[in-house]
Amino acid sequence: MSTHDTPTERPTQRQPVKFYQTGTFTVGNRLLPENVRSVQADMRRTNSLNSGHRACQGCGEALGARYAIDAAMQATRNQLIAVNATGCLEVFSTPYPETSWQIPWIHSLFGNAAAVASGVAAAMRVKGHSDVRVVAQGGDGGTTDIGFGCLSGMFERNDDVLYLCYDNEAYMNTGVQRSSATPPGARTATTPAVGRQPGNEFGTGKNVPAIAMAHRIPYVATASVANLRDLEQKVTTAMAIRGARYIHIHVPCPLGWGSAPADTIRIARLAVESGLFPLYEAHDGQVTARTPIRRRVPVDDYLKLQKRFAHLFANEAGKERIALVQAVADRNIAEFGLLAGDDAHG
Amino acid sequence: MDKPFAITLDVGSSLANRTGSWRTSRPLYVDRLPPCNHACPAGENIQQWLYHAESGDYEAAWHALVENNPLPAIMGRVCYHPCEGACNRGRLDEAVGINSVERFLGDEALKRGWQFKRPAALSGKRVLVVGAGPSGLSAAYHLRRLGHAVKIVEAGPLAGGMMRFGIPKYRLPRDVLDGEVARILDMGVELELNRKVTDIRQTMRDEGFAAAFLAVGAHIAKRAYIPAGEAARMLDAVAVLRDMEGADQPMLGRRVVVYGGGNTALDVARTAKRLGATEAIIVYRRTREKMPAHDFEVEEALQEGVLIKWLSTIKNMADEGTLTVEKMALDDKGFPQPTGEFETLEADSLVLALGQDVDLSLLDNVPGLVIKDGVVQVGPDMMTGFPGLFAGGDMVPSERTVTVAVGHGKKAARHIDAWLRGTKYAPPPKHEIATYDHLNAWYYADAPKTVRPVLDLVRRQSTFDEVVSGLDETNALFEARRCLSCGNCFECDNCYGVCPDNAVIKLGPGKRFEFNYDYCKGCGICVSECPCGAITMVPETI
Ligand SMILES: Cc1cc2nc3c(=O)[nH]c(=O)nc-3n(C[C@H](O)[C@H](O)[C@H](O)COP(=O)(O)OP(=O)(O)OC[C@H]3O[C@@H](n4cnc5c(N)ncnc54)[C@H](O)[C@@H]3O)c2cc1C
Ligand SMILES: Cc1ncc(C[n+]2csc(CCOP(=O)(O)OP(=O)(O)O)c2C)c(N)n1
Ligand code: SF4
Ligand SMILES: [Mg+2]
């Protein structure tokens with residue numbers, strides 16, 4: 001484990017930044033004081049997930065995991081243990097006997113990460129290590145489907161764990177099968193683009209951040225690899241709270257989504273800017289903040305960069321389905337008030 | 001083997017796994033040419049000096065600026081700033097106020113007494129500069145920095161050329177001009193005033209100059225044939241403006257008509273207003289769109305009450321000061337044609353502002369010179385057809401502006417230096433231009449341009465006080481920070497942050513970044529997310 005002996009104190013609240021060329025939109029900014037730059041800008045960042053991992057080129061999940069865990073390391077002065085569900089993140093980081101993790105890390109099963117993390121947290125408490133904190137992390141499959149029972153239990157018992165879900169919208173590690181987080185219209189290996197209803201159904205879906213909020217746990221947030229400062233601030237906020245916490249992070253997958261590796265962040269940004277992936281945070285079950293959309297775009301901009309949606313652009317029926325996707329985005333924007341005011345940090 | 005149950009291998013790090021071998025193309029850091037730099041006739045490295053200004057280090061910014069242009073306080077007032085027309089920020093909201101930051105830096109330097117760097121070593125060579133206008137001053141400055149002994153010979157009583165005897169005070173206060181000229185002379189440049197060079201070869205021979213730079217400008221007013229009564233008062237614009245610098249102000253009367261459509265016409269009309277004319281009317285042959293004067297100047301003149309008669313020519317001027325003006329109409333090709341419709345205008349004086357020709361008499365005995373359309377032809381190295389004789393500014397074919405003149409002076413100095421050393425000056429290869437499509441503009445904060453304060457109208461109509469004021473420190477800083485740093489790394493840390501493989505090494509403040517090709521998989525996210533287009537992707541050679 002690498003050590004920071006003097007971690008920089010970072011404010012948990014979002015700071016309004018005056019105009020400094022790029023403000024806080026970029027990772028760093030040489031014109032800002034060090035303590036308001038991002039953790040990722042720090043030359044001494046932990047690099048919790050180190051080089052040499054076997055994620056695909058442009059993997060959003062590898063990026064999201066480093067962003068989140070580095071921020072959690074910073075917030076806990078490196079007193080952190082991570083529990084990992086089965087999935088790409090686990091597989092690409094730890095082919096026996098190598099590991100990319102520069103922090104204590106444990107993997108057990110696909111569906112039990114939340115339960116294992118609850119156990120680790122209990123053990124730390126019993127051993128009197130109150131400063132050692134625990135995060136659990138998994139993909140959308142491991143979280144919203146198979147691990148869901150354990151996750152709900154962790155919430156309901158209010159165990160002192162931060163659960164991080166890296167949502168790439170399908171079971172990527174086993175070859176892109178549909179999960180309950182797969183968006184409507186998307187093509188996956190199990191929802192091919194054939195027949196009268198090509199791609200994933202336009203059902204009602206499973207909104208796990210909302211379900212987490214329904215447990216009235218102290219903290220729930222959504223985040224995106226496209227907005228680093230927002231993501232870090234949410235992790236830092238979460239680590240300042242005790243009890244069950246949940247952050248759902250949107251991480252594009254070039255292989256599964258059929259997108260260019262170089263476009264990973266661009267696509268995540270378009271998801272946010274179109275309203276398809278709203279960014280917000282909730283305390284005790286109540287939404288307390290939302291990150292406004294800076295430059296609104298139609299969902300087409302987001303969809304057309306991904307082959308999993310290519311069939312939507314093939315014919316008239318596809319157009320109708322795009323309109324339905326647009327309706328989802330519009331509803332999110334209205335529900336969360338994503339255009340209201342402009343407290344975007346610049 | 002002391003290992004837990006079922007464990008047979010030691011824990012290893014994934015660093016053993018050189019994932020860089022997956023790569024088919026590699027990212028490379030590059031410096032692209034910012035469009036502002038590309039557009040600057042004086043070859044300023046604008047992006048670079050703004051970079052220093054952004055962090056509040058104005059002295060470093062000024063030093064970077066004067067590497068190319070020794071007259072920033074003047075430029076910040078009279079330059080027509082083609083840089084701003086090319087600025088990429090114009091596509092985002094409004095161009096960076098480069099000119100206003102330049103002026104701020106120039107004024108700071110004068111206020112704080114910042115001085116130029118001295119030449120490192122002296123060459124022992126003497127160079128003659130003829131004319132102390134912007135081109136001559138720029139050449140002298142650059143030649144001095146290169147270590148040569150420089151003497152400027154100037155026909156007029158003061159240095160500055162058209163910056164003093166053309167451009168009026170309300171646009172360029174003379175203390176600013178004096179301050180910037182003095183700083184050049186302080187480097188050890190010799191200036192001899194009130195001496196007109198009449199035979200360049202003779203002067204060079206007599207005084208032992210190894211090379212000379214000619215920058216005599218264009219001072220002979222062009223005339224138009226206008227039949228006029230003997231008592232009619234007809235003057236030329238350059239003479240009027242020149243007289244403004246003398247002890248006696250020119251007598252123009254209460255009703256002044258100016259003939260012409262360039263910047264000079266506007267300056268004379270605005271000057272007339274300030275001298276008390278109740279009417280100052282510009283008569284111009286063509287339309288506003290065709291007028292060579294810049295829009296903002298026309299605007300400022302109109303605000304001050306100058307009137308402009310478009311599509312009109314002056315036919316004659318009677319003794320009592322009655323002008324006959326013919327209306328023109330544009331033909332299908334857009335050329336003005338007479339209509340046969342006449343009107344009359346009352347004028348106490350008529351000022352002709354129809355452009356200037358070059359006085360080439362000092363070149364009578366020089367073999368090999370090529371003169372075309374009244375200007376001296378030069379090569380890409382600014383050398384005339386006579387070896388060792390260089391020329392620039394208004395006397396050579398080009399746009400006639402202070403900035404172009406300064407650029408010529410710099411270019412000539414570099415070639416003269418090489419020529420004196422018996423070598424050839426090869427300018428460094430130009431980088432590819434950082435066009436807007438190279439940028440990821442998402443990352444720049446929204447920030448509209450800062451407007452410079454303008455003097456109130458009453459004072460503009462009655463005094464020669466400077467019309468446009470400068471920015472204060474906070475405004476200048478804000479304006480500098482609007483720069484997008486096109487094509488040049490400004491250490492925003494994006495590449496360092498966005499790499500999923502930690503394959504970007506941050507070298508620390510001022511040292512930029514490096515790629516760790518052992519682990520870079522070549523995804524290209526850093527290229528997409530670099531705000532300023534300072535990374536490119538090249539195919540891997542196997
Ligand atoms: C009214 C007016 C307004 C202008 N406004 C602007 C403006 O706002 N912005 C802008 O960019 N440009 C402006 N210009 C154009 C600009 O002033 C000229 O393009 C520029 O000054 C040319 O520089 P130069 O060094 O070639 O010549 P000049 O500035 O003309 O200097 C030539 C010098 O050489 C001297 N000289 C001439 N012959 C001899 C000799 N034989 N021996 C010794 N010395 C000699 C002259 O006395 C003079 O000092 C304006 C011009 C005029 C007339
Ligand atoms: C109980 C069980 N069922 C199935 C698997 C096979 N499996 C391994 S990873 C994975 C998919 C993981 O998907 P997700 O959780 O979304 O993570 P991702 O790989 O997409 O990051 C599956 C099905 C398993 N390891 N255990
Ligand atoms: S944004 Fe800056 S670097 Fe780019 S063109 Fe404008 S002034 Fe030059
Ligand atoms: Mg997944």
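Residue numbering restarts at 1 for every chain, and letters A, B, ... go by the order of the sequence lines.
You'll find the side chain of R45(A) reaches within 4.5 Å of the side chain of Y496(B), heavy atoms only. The closest side-chain heavy-atom distance from F490(B) to T22(A) is below 4.5 Å. Taking the side chain as every heavy atom from C-beta outward, L15(B) and S51(A) approach each other to under 4.5 Å.
Between the side chain of D493(B) and the backbone N or O of T26(A) there is no donor-acceptor pair closer than 3.5 Å. Side-chain atoms of K506(B) come within 3.5 Å of backbone N or O of A41(A) as a donor-acceptor pair.
For residues 55-62 of chain A, a heavy-atom distance under 4.5 Å to chain B picks out A55(A), C56(A), Q57(A), G58(A), C59(A), A62(A), given by residue number. When the heavy atoms of residues 295-308 of chain A are compared with those of chain B, the residues falling under 4.5 Å are R295(A), listed by number. Residues of residues 83-98 of chain A that come within less than 4.5 angstrom of chain B, heavy atom to heavy atom, are Y96(A), P97(A), E98(A) in numerical order.
Here the straight-line distance linking atom OG of S14(B) with atom NE2 of H53(A) works out to 7.5 Å at 0.5 Å rounding. Here the OG atom belonging to S485(B) is positioned 6.0 Å from the CD atom belonging to Q21(A), to the nearest 0.5 angstrom. Once rounded to the nearest 0.5 Å, the distance linking CD1 of I265(A) with CD1 of I525(B) reads 5.0 Å. Going from atom OG of S528(B) over to atom CZ of R269(A) covers 8.5 Å, rounded to the nearest 0.5 Å. Put simply, CZ on R54(A) and NZ on K521(B) are 10.0 Å apart, with the number rounded to the nearest 0.5 Å. Remark: C492(B) SG to L31(A) CG distance equals 11.0 Å, nearest 0.5 Å.
When the candidates V527(B), T19(B), L507(B), D501(B) are compared by the number of heavy-atom contacts under 4.5 Å with chain A, D501(B) comes out ahead. Ranked by heavy-atom pairs under 4.5 Å with chain B, the first of P254(A), S100(A), G64(A), A260(A) is S100(A). The most heavy-atom pairs under 4.5 Å with chain A, out of G524(B), S13(B), G497(B), P509(B), come from G497(B). Interface summary for chain A: among P531(B), G508(B), C499(B), the most heavy-atom pairs under 4.5 angstrom belong to C499(B).
If you measure heavy-atom distances from N516(B) to chain A, you find no contacts under 4.5 Å at all. Both the backbone and the side chain of R266(A) come within less than 4.5 Å of a heavy atom of chain B. Within the 4.5 angstrom heavy-atom criterion, atoms from both the backbone and the side chain of Y51(B) approach chain A. For L477(B), no part lies under 4.5 angstrom from a heavy atom of chain A. Residue C526(B): no heavy atom, backbone or side chain, is found under 4.5 Å from chain A. In this structure, chain A has heavy atoms under 4.5 Å from both the backbone and the side chain of V498(B). Interface residue N29(A): only backbone heavy atoms are found under 4.5 Å from chain B.
Every residue was checked against the side chain to side chain contact (heavy atoms under 4.5 Å, CB included) condition with A123(A), not counting sequence neighbours, and none meets it.
The side-chain tip of R294(A) points at the ring of W442(B) from less than 6.0 angstrom away and within 45° of straight on.
Taking all atoms of both residues into account, the shortest heavy-atom contact from Y444(B) to F25(A) is C-CD1, 4.3 Å.
Annotation for H107(A): atom NE2 counts as buried by contact number, over 12 foreign heavy atoms lying within 6.0 Å.
A salt bridge between R30(A) and E54(B) is present, with a side-chain N of the basic residue lying under 4.0 Å from a carboxylate O of the acidic one.
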